[in-house]
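Computed over heavy atoms, backbone and side chain alike; hydrogens, waters and symmetry mates excluded. The chains referred to below are lettered A, B, ... by the order of the sequence lines, with proteins before strands, and numbering in each begins at 1.
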Protein chains: 2
Amino acid sequence: MKHETIRHSFEEFLKTKGLRLTRQRSRIFEKAFACHDHFTAETFLGWLTAEEVSKADRVSRATVYRTLGLLADGGFLELLDTGSGEAHYEHVLGHRHHDHLICTSCGRIEEFVDEKIEELQAEIARSHGFELTSHDLRLMGICKSCRRKAKTNVSA
Amino acid sequence: MKHETIRHSFEEFLKTKGLRLTRQRSRIFEKAFACHDHFTAETFLGWLTAEEVSKADRVSRATVYRTLGLLADGGFLELLDTGSGEAHYEHVLGHRHHDHLICTSCGRIEEFVDEKIEELQAEIARSHGFELTSHDLRLMGICKSCRRKAKTNVSA
DNA sequence: GTATATGCAAACTGTTTGCAGGTGA
DNA sequence: TCACCTGCAAACAGTTTGCATATAC
């Protein structure tokens, strides 16, 4: 999907909901889709603040929280719960659904998809009488580079 | 595993860590293993308070948080992140590892195990160079009884 | 023009922590 | 005895909210 397509769909989304396209919402939208990484609301606020050129660009903490929530509601961002206590977001463009590997040592997040797991999940939900709306599979462990580091420290 | 066995292993755990078996820890331990359900720290505190007979039984909020954390560290309780913002706990006795189906409508939690999914996860971690320490698979959806209720409301 | 958004700061929720006094080994 | 525990209340982090002002439509 091209950027302008999703931008258009964002504007449509606002329109149908009777919401206004403000300078802040536009900036937040653009930034969220320019970033191909996971981020927290606070990190995101930091980026916006850092990139602030004129006073007119200012976006407040409250608006960041409100707008990220809005984008998640609209399906433009996905909420990703890493168990750290903070909400992580990631945009949906290009990414199709995927699950996460989380390094508990450095916080690094990698993505993966496994069709067979997806199928098995659907089957399990069905057999329990659940109508599946979403799922969240997180594999926690130590990533390659942290393992290497740990090894070096021990032998040193 | 019998209750007295796990109780013994809890006492051993405290001993090896140089921790004391206090009235409060004992009460919390007993209650946690008497309850075969998931619970949050606040709910748990509520139970303890409700069951309080004499003043000597009192357990404070801080102690509940501290002790549930302790029990989780010791592997007596498992921390379960439902995405609700609160930590949920469940005891480990009898339960072997399992994953969860969560009803987003009523909060109901069901458990399941799927060996094939477990294997696939291990394989994925391996192929990404991760050393897997744990995982968390949550299937979110609408449970049978909520779906029934929803249907009734629509047709009514 | 006016309903909707924003920024600010204060409120809130779940959880942690410092400290003075209590208690188990 | 004395280190460890507890209860309390205050601190915390992340997030939400009420309100007066500003702004998109």
Are OP1 or OP2 of [N] and a side-chain N or O of [X] less than 4.0 angstrom apart?
X      : N       : value
R25(A) : dT6(C)  : yes
Q24(A) : dT23(D) : no
T40(B) : dG14(C) : no
T22(A) : dT6(C)  : yes

Practice item. Determine the minimum heavy-atom distance between L48(B) and R27(B), stating which atoms define it. Key: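 Looking at all heavy atoms of both residues, the shortest contact is O-NH2, 2.9 Å.
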Practice item. Determine whether any donor atom in the side chain of R61(B) lies under 3.5 Å from an acceptor atom in the base of dG14(C), or the reverse, and answer yes or no. Key: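 Flag unset: no donor-acceptor pair detected.
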Point to revise | Among H98(A), H100(A), H97(A), ring-ring contact (aromatic ring centres under 6.0 Å, His included) partner for H135(A) | key: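 Going through H98(A), H100(A), H97(A) one by one, the ring-ring contact (aromatic ring centres under 6.0 Å, His included) with H135(A) is satisfied by H97(A) alone.
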Check your understanding: Given that A62(A) and G85(A) both sit by DNA chain D, which one's nearest nucleotide is further toward the 5' end?
Key ->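 It is G85(A), whose closest nucleotide lies nearer the 5' terminus.
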How many Å lie between [atom1] on [X] and [atom2] on [N], as a whole number?
X      : N       : atom1 : atom2 : value
L68(B) : dT16(C) : CG    : P     : 10 Å
K17(B) : dC5(D)  : NZ    : C1'   : 16 Å
H88(A) : dG14(D) : NE2   : P     : 10 Å
E86(A) : dC12(D) : CD    : P     : 17 Å
R58(B) : dC8(D)  : CZ    : C1'   : 12 Å
D57(A) : dT6(C)  : CG    : C1'   : 15 Å
L45(B) : dG14(C) : CG    : P     : 12 Å
Y65(B) : dG14(C) : OH    : P     : 7 Å

Check your understanding: Is R66(B) touching bases, backbone alone, or none of the nucleic acid, heavy atoms closer than 4.0 Å?
Key ->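 Result for R66(B) = base.
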Looking at the side chain of [X], which of [options] is the nearest nucleotide?
X      : options                   : result
E42(B) : dC5(D), dG7(C), dT15(C)   : dT15(C)
L19(B) : dC5(D), dA9(C), dT6(C)    : dC5(D)
R20(B) : dT23(C), dT16(C), dT17(C) : dT23(C)

Exercise for review: Over 60° means perpendicular and under 30° means parallel, so classify the ring planes of F10(A) and F29(A), tilted if in between.
Suggested key: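 Ring orientation of F29(A) relative to F10(A): parallel.
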Point to revise | Distance-only donor-acceptor check, side chains H3(A) and E30(A), under 3.5 Å | key: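 There is such a pair between these side chains.
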Check your understanding: Hey, are T63(B) and R58(B) close enough side-chain-wise for a donor-acceptor pair under 3.5 Å?
Key ->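 No, no side-chain donor-acceptor contact under 3.5 Å.
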